[in-house]
Each structure stands twice: as C-alpha cells, then as structure tokens.
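Here's the structure, in structure tokens; my notes come after.
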Amino acid sequence: MKKIRVLIVEDSPVVRELLLYIIGSDARFEVVAAVGSAEEALQGLDRFAPDVISLDIRLPGMNGLDATLEIMATHPMPIVVVSASVQDDELNIAMNALRAGALTVVEKPVGVTSDAYRALADQLCNQLAIMSQVRVVKQARRRNLNFGSAERMEAMPAPSWETVRPKMLGLVASTGGPNALSRVLNGLPRDFPLPILIVQHMTAGFVDGFVQWLSQVTPFPAHMAGDGMLPRPASLYLPPADHHLEIKGGRLYLNTAPPVVAQRPSGTVLFKSMARDLKEAGIGVLLTGMGADGAEGMLEMRRSGAYTLAEDESTTVIYGMPGEAVRMGAVRESLPLDAIALRLRQLVGVLS
C-alpha cells in the first residue's frame, strides 16, 4: 500500500525530532521532509510533494495562518494545524488558520513521559491519515478573512414556507466547519431574531477557545451552554467538550450519553431534540463534515415540519454529513455556502 507523504513544519528542533519519531514510527506514513519555517516549506512544496502537512502555528517569520493562506492560494493541500497552546494568541491564530482552509487542529504531543503523550500522538497520526484523503481547492489570499455573506444572492426566490414563525436555529458542522460557520454567521444581521445552537466537532482542548473565537469573528456573542439556560436571540450556544446539547421546554440541557455515530457532541442529538421540542418552528442547517452525524436527526426535524437546509456539495470541504442527509431525504433545500445566510434571513423575515 502506498504510504502517505507527510511534510512536518515545526521550528523547535526538539519537537521536530519528536514529531519525526511519532509520524515516522507509523507504518502508514513517509516523512518527506521536516523543516523549521514556513518559508522553507513553501520553497520546497513542489520538491517534497506531500499528501498532507503537519503545521506548527508559532513559527519564526511567517506564522501558521499566513502559511496556510499562502499554501491554499498556490499549492492547495490538506493541512493539519498542530498547536501547543489552547489559549491566547496562538489559539486565535489556529482558529483563523482553520477559517483560511486548514482542515483541523490538534494538540501538540508533549514529552514521552507525559500521561497524555500516547493519546495525543495517536490523535495526530489518525488526523493526518484521515485528512490526507480530503479534496481541497485553491482559495484566494484573504488576510483580513472577511469572507462574504450572501449579498450576491438577492435574486433568489423567497421560500413558500411562510406560515410558521421560527423559534430557533441549529447549525451542525465538522471538518471545514469553522470556516463554514463563520461565513454563514457573518451573513446574518446582528439583530437576528433567533437563538443559534451550534454543534462543531472539535478536539476537546480547543472548545473553550473556539467559543471565544466565535465571539470575535462573528456578529454574535458566543456562550458555553449550561443546564437550564434560556437561550436568547442573536446569541450562539455551544456544548462543553464531550457533552451532547439538547433543547427541552425551550431551555438548554447537557448530557454525557454515549456518542452517536462516534460523536459527542452529536448533531443528531441536537436535531432530534429540536424536532421534539420545536416541531415546525425549528430550522436545521447541516454543513460540511466527514461521516453521517446530523443526518438522522435532520430527518426527524423534516418529519416534524421543520425547515432543513444542507450545504451543497459544490462548496463543502467534505460532503459526508450533508450528503448522507440528502440521501436519507432529510433535506428540504441544498444551497451553496454563501447562499445559506440569505435563505435564513428570508425564513425569519429579516432581509435588511
């Protein structure tokens, strides 16, 4: 079987040797190069011809965000961001790298004597293997990351779903989700009249920072959900790491029931609760992601009369989750990413 070609970009010689050991010891991989700067990686991309890049965030000279922007504009390929910190500026750079086209972020494996070493090493290798198979497309260099909303879609016909007053919006995403979520949310007005519940599959250590990051890059305050919390309009709510999020009696609740299709939090759990609690007054949106999470729950939403939307295959990083929902007949409408916000504004009657 052909080995997966990995390029390691890491400025610390000690950590670079550790990553060489971890990745090089896995029979699935061939490490084609291990370099200490983004500039060196960019200069050698044609020569190295990697299938996937392990990219440090804090680098001398060009940092991981700028490296991601350059790679996705000139040599688009799967990037796994490897971050040592789950807070402060390094986390912010990591999240913006995901928004710029990197596929996922994982914690940097710590010293071999640490209890967490083996788990983090396995996670890194598994993510490199999975992401090496993802199709990526060239993206324009957009350093300010002001990805557009749906202003070009104003000619879209209004939906016939006009007799129901929506009460809540659910958004579910996985691989490629931070970029997709930010683009949808930035297409909505600050006074969007519904609470927005979000399930984004993400490494546990980055969840708190992801919530803070959403508050910075979208028009809405983002909150970690808590039991009994009453969600407010124009606000985002996400579950803590390793917890399912549900809506019951109009309030938010968390649980640690078993994972659903290998995910906790699960989009299916959220959507099923919305179907039960909101009936036709819910709106569910399923964005890019690997696997099938969310599809079964979206089917229940559609059967309950809710409006269900999926990202069209033409704009997804991975069509797995929305594609499964379409296959099951759970999706009322599939739209390209930049058309979703306008449709949501139409559904709730906020077009300005």
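The structure presented is a predicted model; accordingly, all values stated were derived computationally and were not measured.
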Could you state whether Val348 and Leu278 fall into the same hydrophobic cluster, counting links through intermediate Ile, Leu, Val, Met, Phe, Trp or Tyr residues with side-chain heavy atoms under 4.5 angstrom apart?
no
Would the number of heavy atoms belonging to other residues, nucleotides or ligands and lying under 6.0 Å from NZ of Lys167 be above 12?
no
Look at the side-chain heavy atoms of Ile, Leu, Val, Met, Phe, Trp and Tyr, link any pair under 4.5 Å apart, and say whether Phe48 and Ile23 land in one connected group.
yes
Establish whether Ile198 and Leu245 are linked, either directly or via other cluster members, by ILVMFWY side-chain heavy-atom contacts under 4.5 Å.
no
Kindly give the heavy-atom pair with the smallest separation between Phe192 and Leu344, and that separation in Å.
CE1-O, 4.3 Å
Check step by step if side chain to side chain contact (heavy atoms under 4.5 Å, CB included) holds for Asp51 and Phe29.
CA-CA 10 Å; Asp51 298 313; Phe29 303 118; over 6 Å; no
Quick test of your reading of the model: are Arg183 and Asp338 salt-bridged, counting only N-O distances below 4.0 Å?
yes
What is the minimum heavy-atom distance between Asp56 and Leu59, and which atoms define it?
O-CD1, 3.6 Å
Quick one: list whatever passes side-chain hydrogen bond (donor to acceptor under 3.5 Å, both in side chains) with Ser174, sequence neighbours left out.
His201
With distance as the sole test, does Thr203 use its side chain to make a donor-acceptor pair with the main-chain N or O of Val105 at under 3.5 Å?
yes
Quick one: does Thr268's side chain have a donor or acceptor within less than 3.5 Å of a partner on Gly294's backbone?
yes
CA sep, side-chain torsions, deciding dist, call: Leu287, Leu337, side chain to side chain contact (heavy atoms under 4.5 Å, CB included)
CA-CA 8 Å; Leu287 301 171; Leu337 184 60; 4.1 Å; yes
When rounded to the nearest 0.5 angstrom, what is the spacing between NZ in Lys248 and CG in Asp227?
8.5 Å
Does some side-chain heavy atom of Val172 sit less than 4.5 Å from a side-chain heavy atom of Met321?
yes
Any chance the side chains of Glu311 and Thr315 put a donor and an acceptor closer than 3.5 Å?
yes
Cut-off 3.5 Å, side chains only: do Glu333 and Tyr307 have a donor facing an acceptor?
yes
Connected via hydrophobic side-chain network under 4.5 Å: Val9 and Leu45:
yes
Pairwise side-chain contact, Glu10 with Val82, heavy-atom cut-off 4.5 Å (strictly under):
no
Between Arg251 and Gly228 (side chain of the first, backbone of the second, donor and acceptor by atom type, cut-off under 3.5 Å), is there such a pair?
yes
Are the side chains of Leu197 and Met168 in contact, using a 4.5 Å heavy-atom criterion?
yes
Do Leu103 and Val80 make a side-chain contact, defined as non-hydrogen atoms from C-beta onward lying under 4.5 Å apart?
no
Tell me whether Thr288 contacts the main-chain N or O of Thr175 through its side chain, where contact means a donor paired with an acceptor under 3.5 Å.
yes
Side-chain heavy atoms nearer than 4.5 Å, only ILVMFWY residues, links allowed to pass through others: does that put Leu286 and Val269 together?
no
Polar contact flag, side-chain donor to acceptor under 3.5 angstrom, Ser266-Asp293:
yes
Does His223 have any ring-ring contact (aromatic ring centres under 6.0 Å, His included) partners at least two apart in sequence or in another chain, and if so, which?
Tyr237
Decide yes or no for Val217 and Asn96: does some side-chain heavy atom of the first lie under 4.5 Å from some side-chain heavy atom of the second?
yes
For a quick check under 3.5 Å, do Arg332 and Thr308 share a side-chain donor-acceptor pair by atom type?
no
Inter-residue atom distance Ser235.OG - Leu194.CG, 0.5 Å rounding:
11.5 Å
Minimum side-chain heavy-atom gap Asp312-Pro336 below 4.5 Å:
yes
Is there a side-chain contact between Val134 and Ile318 in this structure, where contact means two heavy atoms from C-beta onward sitting under 4.5 Å apart?
yes
How far does CD1 of Ile196 sit from CG of Leu171, to the nearest 0.5 angstrom?
6.5 Å
Atom pair CG (Asp191) and CZ (Phe220), whose distance is rounded to the nearest 0.5 Å:
8.5 Å
Hey, is Asp242 close enough to Arg264 for a salt bridge, meaning N to O under 4.0 Å?
yes
To the nearest 0.5 Å, what is the distance between CG (Leu7) and CZ (Arg47)?
10.0 Å
For Gly64 versus Leu55, what's the shortest heavy-atom pair and its separation?
O-CD2, 3.6 Å
How long is the span from the CE atom in Met290 to the CD atom in Glu324, to the nearest 0.5 Å?
14.5 Å
Is there a donor-acceptor pair closer than 3.5 Å between any side-chain N or O of Arg28 and the backbone N or O of Ala129?
no
Please tell me if the side chains of Thr218 and Leu181 come closer than 4.5 Å, counting only heavy atoms from C-beta onward.
no
Heavy atoms only: give me the nearest Glu40-Ser37 pair and the separation to one decimal.
N-OG, 3.1 Å
State whether Glu296 and Lys272 are salt-bridged, where the test is any N-O pair (Lys NZ or Arg NE/NH1/NH2 against Asp/Glu carboxylate O) under 4.0 Å.
yes
Option passing side chain to side chain contact (heavy atoms under 4.5 Å, CB included) with Pro109 (candidates Leu120, Asp122, Val15)
Leu120
Donor-acceptor pair, distance only, cut-off 3.5 Å: does the side chain of His244 make one with the backbone of Pro258?
yes
Heavy atoms only: give me the nearest Ala38-Ala67 pair and the separation to one decimal.
CB-CB, 3.6 Å
Carboxylate-amine/guanidinium contact Glu300 Arg276, below 4.0 Å:
no
Go through the steps for Leu20 and Ile8 under the test side chain to side chain contact (heavy atoms under 4.5 Å, CB included), then give the verdict.
CA-CA 8 Å; Leu20 268 168; Ile8 298 170; 4.2 Å; yes
What is the minimum heavy-atom distance between Glu246 and Ser273, and which atoms define it?
CA-OG, 3.5 Å
When you look at Ile71 and Met77, which way does the side chain to side chain contact (heavy atoms under 4.5 Å, CB included) test go after all the steps?
CA-CA 7 Å; Ile71 291 167; Met77 62 185 62; 4.0 Å; yes
